[in-house]
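The chains referred to below are lettered A, B, ... by the order of the sequence lines, with proteins before strands, and numbering in each begins at 1. The analysis underlying the following values was restricted to heavy atoms, covering all of them including side chains, and did not include hydrogens, waters or symmetry mates.
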Protein chains: 2
Amino acid sequence: MYDGLSGWVLFFIFVLMKSTRKEEIVAVASGLFKEKGYSAVSMRDIAQAMNMKAASLYNHISGKQEILSTLIVRVAIEFTNAMETVMAEESSPINKIEKIIEFHIDITVTYAENIAALNNDWMHLEGTDLKRVVKMREDYEENFRSIIKQGINEGRLRPNHPEVILFSILSTLRTLYLWNEKRGKMDVNILKKDMVSVLLKGIV
Amino acid sequence: MYDGLSGWVLFFIFVLMKSTRKEEIVAVASGLFKEKGYSAVSMRDIAQAMNMKAASLYNHISGKQEILSTLIVRVAIEFTNAMETVMAEESSPINKIEKIIEFHIDITVTYAENIAALNNDWMHLEGTDLKRVVKMREDYEENFRSIIKQGINEGRLRPNHPEVILFSILSTLRTLYLWNEKRGKMDVNILKKDMVSVLLKGIV
DNA sequence: CGACAAAACTAACGATTGTTAGTTAAAACT
DNA sequence: AGTTTTAACTAACAATCGTTAGTTTTGTCG
């Protein structure tokens, strides 16, 4: 019995180690991708940042494409799940939009590099991954659009063109990662309140 | 006299032709850069889109870098000039912000591909061009920031964190190029009014 | 028509790309 | 202790990169 348990523990450690090494590569690569873009970063660049040779990377990953795919699909799922949670709630459109703003900020704080790749390098995905991510993006936007339209129909949102509202908010949220660094000491909850205020009530 | 005039006319045609061919290359390249990014587009890609061989491009341009530089510096100057015009005006902060929104839309309509390069590929500029564009960007943001701060100090803008206001508006304006295609039949003036409304008065 | 220049071409360069094969040192398991 | 596995390495591959040199085609002027 002890032997059996030991086996499981070691198996988990094994999985964890292997997983950790791959995660290191993904993490290091994501930083480089954010700075220069996927195409401008070579496997040798990634290897150098990991203090190894390019060929050694292939002991842990199948190729450059897998790094990008891992990076992007991961955060795309994060957004999709968060949006589905909000959609399932029984609350007003305005309340839902507030929730969207808030989870965008939360996800940005922990997935800044992933978001950079999602925003700027999604077109370099291939095959199924590309289709999947594009589909998730379209569904996401369609959900957001439906919330806005409902808000307008209920008279709770000012009757501007839904597309203008959608992309005004979404553009701001999607590029939040760019100046999150400068956020510095600004507390996340204060940022949430400020952004909800600015995006919903405007600035005048 | 007729000969002299003829000479000038032909000179202009000559300049125009040479310039036009270079401009064609820059225009075609900008479209490719917008779709895949500077680093993912090869000189052979550009040549193919122009129905020529890569080597022939060098009869008109000095290299790939010049294309990027031409593209980015051109629109950066456009924004800088527009901002300086607004700064020189004697009008309220709110009025200035409206003007900024409007010229962003105007410039986006005619320089969509240039803006894509400015947003996504500025870091691939080299030497003087890189420094120059970064400087212009910093100055631009500083001007915008001062307008916002003044508006808050005068009590005309709600006292949110200036940085949040600045980047909320600027993110929307900078990524406008992404969905300008979808704008379709929407009139530019209607778009201006909608965006001013959404960005200044919010959506509730 | 002949002269000349503009703008295309072919061919090739050295460098870099992502990736594979085969090897070796260290670590882990039996 | 002996065996196997992990994860690094060196070396090299075919392909592609931006760019240059030299040549040929095209078109325009006198």
Side-chain angles (χ1 to χ4, degrees), chain A residues 2-26 28-29 32-33 36-71 121 124-127, chain B residues 2-26 28-29 32-33 36-71 121 124-127:
Chain A
Y2 183 72
D3 269 13
L5 187 60
S6 166
W8 273 103
V9 170
L10 292 176
F11 171 72
F12 278 124
I13 288 176
F14 161 77
V15 170
L16 209 64
M17 291 291 288
K18 187 172 176 72
S19 164
T20 287
R21 202 68 177 130
K22 175 182 170 180
E23 287 307 315
E24 277 185 61
I25 294 173
V26 170
V28 165
L32 297 176
F33 291 168
K36 312 202 301 172
Y38 175 75
S39 302
V41 175
S42 71
M43 294 299 279
R44 285 165 179 85
D45 290 335
I46 299 171
Q48 192 173 41
M50 294 271 314
N51 288 320
M52 32 161 45
K53 301 292 167 144
S56 305
L57 296 170
Y58 290 81
N59 285 320
H60 308 282
I61 52 156
S62 68
K64 195 185 178 188
Q65 180 71 203
E66 192 198 358
I67 301 178
L68 185 68
S69 168
T70 302
L71 212 53
D121 290 317
H124 299 118
L125 289 172
E126 295 169 0
Chain B
Y2 181 75
D3 269 13
L5 187 63
S6 166
W8 272 104
V9 170
L10 292 175
F11 172 73
F12 279 123
I13 290 175
F14 161 77
V15 169
L16 210 65
M17 290 292 287
K18 185 172 177 75
S19 165
T20 289
R21 202 68 177 130
K22 175 182 169 180
E23 288 306 314
E24 276 186 62
I25 296 172
V26 170
V28 166
L32 297 175
F33 291 168
K36 312 201 302 171
Y38 175 75
S39 303
V41 175
S42 71
M43 293 300 280
R44 286 167 179 84
D45 290 334
I46 298 170
Q48 192 172 41
M50 294 269 318
N51 287 319
M52 29 157 60
K53 302 291 171 167
S56 305
L57 295 171
Y58 290 80
N59 284 320
H60 308 281
I61 53 158
S62 68
K64 195 184 179 190
Q65 180 69 205
E66 191 197 0
I67 301 178
L68 185 68
S69 169
T70 302
L71 212 51
D121 290 317
H124 298 119
L125 289 172
E126 295 169 1

Using nucleotides 18-20 of chain D, report all nitrogen or oxygen pairs with the protein that are shorter than 3.5 Å.
from    : atom 1 : to       : atom 2 : distance (Å)
dG18(D) : OP1    : Val41(B) : O      : 3.4
dG18(D) : OP1    : Lys64(B) : NZ     : 3.0
dG18(D) : OP2    : Met43(B) : N      : 2.8
dG18(D) : N7     : Arg44(B) : NH1    : 2.9
dG18(D) : O6     : Arg44(B) : NH2    : 3.0
dT19(D) : OP2    : Tyr58(B) : OH     : 2.7
dT19(D) : OP2    : Lys64(B) : N      : 2.9
dT19(D) : O5'    : Tyr58(B) : OH     : 3.2

Problem - Atom pair OH (Tyr38(B)) and CG (Leu71(B)), whose distance is rounded to the nearest 0.5 Å - result: 10.5 Å
Practice task
For the side chain of Lys53(B), starting at C-beta, report the closest nucleotide among dA8(D), dT10(C), dA8(C).
Solution key: dT10(C)
Handout entry: Length of the line joining Gln48(B):CD and dA8(C):P, which is rounded to integer Å
Key = 16 Å
Handout entry: Donor on one side chain, acceptor on other, Ser42(B) and Asp45(B), under 3.5 Å
Key = yes
Practice task
Using whole Å, report how far CD1 of Ile67(A) lies from C1' of dG18(C).
Solution key: 11 Å
Practice task
Considering just the side-chain nitrogens and oxygens of Ser56(A), establish if one lies under 4.0 Å of OP1 or OP2 belonging to dC9(D).
Solution key: yes
Handout entry: Check: Leu32(B) and Lys36(B) side chains under 4.5 Å, non-hydrogen atoms
Key = no
Exercise for the section: Rounded to the nearest 0.5 Å, what's the gap from CE on Met52(A) to CZ on Arg21(A)? Could you check? Expected result: 4.5 Å
Problem - Distance test, side-chain N/O of Arg21(A) to OP1/OP2 of dT6(D), below 4.0 Å - result: no
Problem - Between NZ on residue Lys64(B) and CE on residue Met43(B), distance to nearest 0.5 Å - result: 8.0 Å
Exercise for the section: Would you kindly give the CG-to-P distance between Leu57(A) and dT17(C), to the nearest whole Å? Expected result: 13 Å
Exercise for the section: Report yes if at least one side-chain N or O of His60(A) is closer than 4.0 Å to OP1 or OP2 of dA8(D); otherwise report no. Expected result: yes
Exercise for the section: Determine whether any donor atom in the side chain of Asn59(B) lies under 3.5 Å from an acceptor atom in the base of dA6(C), or the reverse, and answer yes or no. Expected result: no
Fill in the blank from the handout: Separation of dT25(D) atom P from Met52(B) atom CE, nearest Å, is 17 Å
Distances under 3.5 Å between protein N/O atoms and the N/O atoms of nucleotides 23-28 of chain C, please, pair by pair.
none

Exercise for the section: Could you please spell out the steps behind the side chain to side chain contact (heavy atoms under 4.5 Å, CB included) verdict for Leu125(B) and Gln65(B)? Expected result: CA-CA 7 Å; Leu125(B) 289 172; Gln65(B) 180 69 205; 4.0 Å; yes
Problem - Nucleotide dA8(C), atom C1' - distance to CD of Glu24(B) in whole Å - result: 14 Å
Fill in the blank from the handout: Taken to the nearest whole Å, CE/Met50(B) to P/dA8(C) is 7 Å
Fill in the blank from the handout: Between the CD1 atom in Ile67(A) and the CD1 atom in Ile46(A), the distance rounded to the nearest 0.5 Å is 4.0 Å
Problem - Separation of Ser69(A) OG from His124(A) NE2 (nearest 0.5 Å) - result: 14.5 Å
Practice task
May I have the distance from Asp45(A) (atom CG) to dT19(C) (atom P), rounded to whole angstrom?
Solution key: 14 Å
Fill in the blank from the handout: Distance col, row Ser56(B):OG vs Ile25(B):CD1, nearest 0.5 angstrom, shows 9.0 Å
